[in-house]
Amino acid sequence: MVLPIARSRDEVDLYLSLHPCERCQTADADWRMSTARDGDGRRICRYQGACRRCQAAREFTFLVPERPAVPGPDDLIFFGGPEPSRLFDAGEWRLISDAGIHEGGAPPSHGPAAERRRAFTLGVAALAEVLKFIPDGAEAVPESAFWTPHGRAAYDQHPDRFTRDYVQRRLDQFRDELEARFPD
């Protein structure tokens, strides 16, 4: 059995929120996490819980690093170290970013500031993940970094949104906007 590889708790939390219950399609569950070793001695984290709506049993198991990367003091959301994700592809990260920026950029009447700030912060952090797929010296995310149907579709629709220059410009813009919209 091939287990998905997660780099951080935030990356797992995002994965769980995007994989709803197969029975009722809600992502809300009461998760219990445990760690163990698999048959090959690799560290795993198992998330078990019950769907809050229909009570269906749910379970996900991830391979995790022996020594997880440590977030910096300014990291409100931390998906992992310098290596690209193996849980989400580059296109999925861009789609997650777009959703977070859109939700967080909504007018104040669309929810509490703390929720909008968290959504916007998630969008910024997700966009930073796209850069990790661009190899040193390359100008764009390679096509091999799009392995899911959603991620591939995002690339096929807008390949220009996966260049180093475009992603970095947008990331800088959104970081500035985050500070302006939600000052500490």
Side-chain angles (χ1 to χ4, degrees), residues 1-66 68-71 75-81 83-130 132-133 145-155 157 182:
M1 175 186 200
V2 176
L3 295 176
I5 299 170
R7 301 169 297 157
S8 72
R9 175 67 190 253
D10 284 339
E11 190 174 40
V12 168
D13 287 346
L14 180 60
Y15 185 89
L16 296 175
S17 74
L18 295 174
H19 290 81
C21 173
E22 291 179 6
R23 185 184 298 167
C24 72
Q25 297 303 304
T26 185
D28 293 333
D30 294 313
W31 296 108
R32 291 176 316 282
M33 190 268 291
S34 61
T35 59
R37 299 275 174 190
D38 70 3
D40 296 326
R42 300 174 299 180
R43 186 169 176 246
I44 61 170
C45 282
R46 180 170 289 122
Y47 290 78
Q48 297 171 303
C51 174
R52 287 187 186 157
R53 181 181 294 161
C54 72
Q55 300 306 307
R58 302 188 61 209
E59 182 174 332
F60 292 93
T61 304
F62 302 91
L63 283 174
V64 293
E66 288 295 325
V70 178
D75 290 325
L76 299 176
I77 297 176
F78 181 72
F79 293 121
E83 73 283 348
S85 177
R86 293 179 29 200
L87 206 51
F88 299 103
D89 73 14
E92 288 176 306
W93 280 116
R94 209 221 62 229
L95 293 171
I96 293 164
S97 174
D98 290 351
I101 296 295
H102 176 76
E103 183 180 336
S109 61
H110 290 167
E115 289 178 19
R116 289 182 295 110
R117 178 187 168 98
R118 172 128 176 102
F120 205 94
T121 301
L122 184 141
V124 171
L127 188 58
E129 289 297 313
V130 175
K132 295 177 184 180
F133 286 91
F146 304 95
W147 61 81
T148 66
H150 287 99
R152 171 52 75 178
Y155 175 76
Q157 289 173 355
F182 307 102

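- Judged as a salt bridge (Lys or Arg N to Asp or Glu O under 4.0 Å), the pairs with a partner in residues 5-18 (not counting sequence neighbours) are, in order, R7-E11, R7-E129, R9-D13.
- Here the closest non-hydrogen pair linking G151 and F146 is O-CD2, 3.5 Å.
- Heavy-atom minimum distance, G91 versus A154: O-CB, 4.0 Å.
- For the atom pair CZ of R53 and CZ of R23, the computed distance is 12.5 Å after rounding to the nearest 0.5 Å.
- I101 pairs by the side chain to side chain contact (heavy atoms under 4.5 Å, CB included) definition with S97, F120, V124, F174, not counting sequence neighbours.
- The stretch residues 84-95 participates, sequence neighbours left out, in these salt bridge (Lys or Arg N to Asp or Glu O under 4.0 Å) pairs: R94-D98.
- Contact detail for P65 and A6: the closest heavy-atom pair is CD-O, 3.2 Å.
- A distance of 4.5 Å separates CH2 in W93 from CZ in F79, rounded to the nearest 0.5 Å.
- Here the CD-SG distance, from E22 to C54, works out to 10.5 Å after rounding to the nearest 0.5 Å.
- For Q55, there are no side chain to side chain donor-acceptor pair (under 3.5 Å) partners at least two apart in sequence or on another chain.
- Each ring pair (Phe, Tyr, Trp, His ring centres under 6.0 Å) pair with one or both residues in residues 23-42, not counting sequence neighbours, appears once here: W31-F60.
- The stretch residues 103-118 participates, sequence neighbours left out, in these salt bridge (Lys or Arg N to Asp or Glu O under 4.0 Å) pairs: R117-D184.
- Minimum heavy-atom separation, F182 to A113: CE2-O, 3.8 Å.
- Atom OG1 in T61 sits 6.5 Å away from atom CG in L3 (nearest 0.5 Å).
- Contact between S17 and A27 at its shortest, heavy atoms only, is O-CB, 3.4 Å.
- Among residues two or more places apart in sequence or in another chain, the side chain to side chain contact (heavy atoms under 4.5 Å, CB included) test is passed with H102 by none.
- Take E59 and apply the salt bridge (Lys or Arg N to Asp or Glu O under 4.0 Å) test, not counting sequence neighbours, and it matches R46.
- With sequence neighbours excluded, no residue forms a side chain to side chain donor-acceptor pair (under 3.5 Å) with T26.
- Considering only residues two or more places apart in sequence or on other chains, T35 meets the side chain to side chain contact (heavy atoms under 4.5 Å, CB included) condition with M33, R43, C45.
- Take P4 and apply the side chain to side chain contact (heavy atoms under 4.5 Å, CB included) test, not counting sequence neighbours, and it matches F62, L87.
- Between the CD1 atom in I96 and the CG atom in L18 there is a gap of 5.5 Å [rounded to 0.5 Å].
- Within the structure, the salt bridge (Lys or Arg N to Asp or Glu O under 4.0 Å) test picks out the following pairs touching residues 24-38 (sequence neighbours left out): D30-R52, R37-E66, D38-R42.
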